[in-house]
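What follows is one structure encoded as structure tokens, with my remarks underneath.
This is a predicted model, so every value here is computed, not measured. Atoms within a ligand are numbered from 1 in the order they appear, just like the ligands themselves.
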Amino acid sequence: MLRIEDLRAGVGSKEILRGINLEVRSGEVHAIMGPNGSGKSTLSHVLMGKPGYEVLGGSVFLDDTDLLALPAWKRAQAGLFLVSQYPIEVPGVSLEEALEAAFETSGRNATGLHEEILREAASLRFPISLLGRSLNVDFSGGEKKRNEMVQLAVLRPKFGILDEIDSGLDVDALRDVSRRVEQASNEDQLGVLAITHYSRLLKELRPDRVHVLVRGEIAATGGPDLAAQLETTGYAEYGVAEDDKEIVGASIFGL
Ligand code: ADP
Ligand code: MG
């Protein structure tokens, strides 16, 4: 279980997360929706331990592990995996080399890794020809997201944070990725925090719970119907301007 209690964090003197409380159990998919600039990516970065953010209070536990006390790589070893909104390019390192290193560092047996990568790449329709290239370098937005999903599928973390995984993915790719996430949540009890701006992701990846993040706070929590409601009403009732409503509305047309 991922347990976030009263998490407050910011950059410099600016407080961005203003008291987040959230519990996601193994095998559950929770969605975090919210307008631009509400703190969604900041939450993903602070959970993963990206340098540059200051934690001002609260706690984050993955099972019994106090994540905030650990550097990012140890959080990864503890079972946390982040698909970031903008996956970074790593020149000179292939996907297989990165995964090999991850297996070695955590003392896991990497036998059969190559075949496993090929299998997962095929199921996610990630072009095999890209496997030999440097990680994410010159990949399209969609290829980067699929590439990150191959890593998640092979690594089998306890918990995945998917930050705007829908950006750059067409409808077919969105379905591939959603099916693979659902399979992991059913078979491996993967817990998932799926961050998204648009409700179209949540038509494919059915969440157990939906949380609305506004100005660094969770303003509402509900079932999948909350995402459907946001599609028609936008974030206006949370005091967010009309242009954000249009962005949510645009998702109906898959824009
Ligand atoms: P979202 O992902 O919901 O669109 P972000 O978490 O990216 O929002 O950003 C939330 C707010 O925090 C924005 O106002 C953004 O400008 C600010 N912010 C995020 N990261 C930084 C940073 N490293 N330095 C300064 N401000 C930041
Ligand atoms: Mg973001």
Has Ser38 got any heavy atom lying under 4.0 angstrom from an atom of ligand 1? yes
Strictly under 4.0 Å, does any heavy atom of Gly34 approach an atom of ligand 1? no
For atom 9 (O) of ligand 1, find the nearest protein heavy atom and state the residue, atom name and distance (0.1 Å precision). Thr42 OG1, 3.8 Å
Between the side chains of Glu164 and Lys145, is the shortest nitrogen-to-carboxylate-oxygen separation below 4.0 Å, so that they form an ion pair? no
Do you see a donor-acceptor pair shorter than 3.5 Å between the side chains of Asp6 and Asn21? no
Kindly say whether Leu47 contributes a backbone atom to a donor-acceptor pair with the side chain of Arg75 at under 3.5 angstrom? yes
Are any side-chain N or O atoms of Asp63 and backbone N or O atoms of Met1, one a donor and one an acceptor, separated by less than 3.5 Å? yes
For the residue pair Gln189 and Glu28, confirm or rule out a side-chain donor-acceptor distance under 3.5 Å. no
Is there a heavy atom in Pro35 that sits closer than 4.0 Å to ligand 1? yes
For Ser41, the ligand 1 atoms with a heavy-atom partner under 4.0 Å come out as 1 (P), 2 (O), 6 (O), 7 (O)
Starting from atom 11 (C) of ligand 1, which protein heavy atom do you reach first, and at what distance in Å? Gly37 O, 3.7 Å
List the closest protein heavy-atom neighbour of atom 17 (C) of ligand 1: residue, atom name, distance to the nearest 0.1 Å. Lys14 NZ, 3.6 Å
Which of Glu15, Glu54, Glu217 passes salt bridge (charged side-chain N to carboxylate O under 4.0 Å, His left out) with Arg8? Answer is Glu15
With a 3.5 Å distance limit and no angle check, can you tell me whether Asp66 reaches the backbone of Phe61 through a side-chain donor-acceptor pair? no
Flag this pair as yes if the NZ/CZ of Arg146 is under 6.0 angstrom from the six-membered ring centre of Phe126 and inside a 45 degree cone about the axis; otherwise no. no
Need the ligand 1 atom indices (1-based, order shown) with element for anything under 4.0 Å from a heavy-atom of Ile16. 10 (C), 11 (C), 12 (O), 17 (C), 18 (N), 19 (C), 27 (C)
Do any N/O atoms on Val11 end up under 3.5 angstrom from N/O atoms on ligand 1? no
Specify whether an N/O/S atom of Ser41 falls short of 2.8 Å from the Mg ion (ligand 2). yes
Among all protein heavy atoms, pick the one closest to atom 20 (N) of ligand 1 and tell me residue, atom and distance. Tyr53 OH, 3.5 Å
Regarding Ser44, does it place an N, O or S atom less than 2.8 Å from the Mg ion (ligand 2)? no
